[in-house]
Amino acid sequence: MKNKIVFILFSMLFLMKTSAQCAMCRAVLETEEGQTAAEGINNGIMYLMAIPYILVAALGYFIYLRFYKLKK
């Protein structure tokens, strides 16, 4: 039961919309009309943050496949 609760909490954290801006970027970009630059900066930060996680996941997947094939 405890594992299910922890899984649900982590799932909810990953499904939330995130805003990954530092305090200085946010303060400067909030003064702009239309907020188009703020959205662009936020998307760029999210993109740069996701790339290392994708690379590590791909590497882990290939290592898993390599060991799985050796066991067969």
A.B. asks: Do Tyr53 and Tyr47 share a hydrophobic cluster, counting only Ile, Leu, Val, Met, Phe, Trp and Tyr and linking them when any side-chain heavy atoms are less than 4.5 Å apart?
C.D. replies: no
A.B. asks: Is there a path of hydrophobic side-chain contacts, each under 4.5 Å between heavy atoms of I, L, V, M, F, W or Y residues, that connects Phe67 with Leu59?
C.D. replies: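 The answer is yes; both residues are in one hydrophobic cluster.
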A.B. asks: Linking I/L/V/M/F/W/Y whenever any side-chain heavy atoms sit under 4.5 Å apart, do Met49 and Leu55 land together?
C.D. replies: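 Shared cluster, no.
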A.B. asks: What distance do Ile51 atom CD1 and Met46 atom CE have between them, rounded to the nearest 0.5 Å?
C.D. replies: 12.0 Å
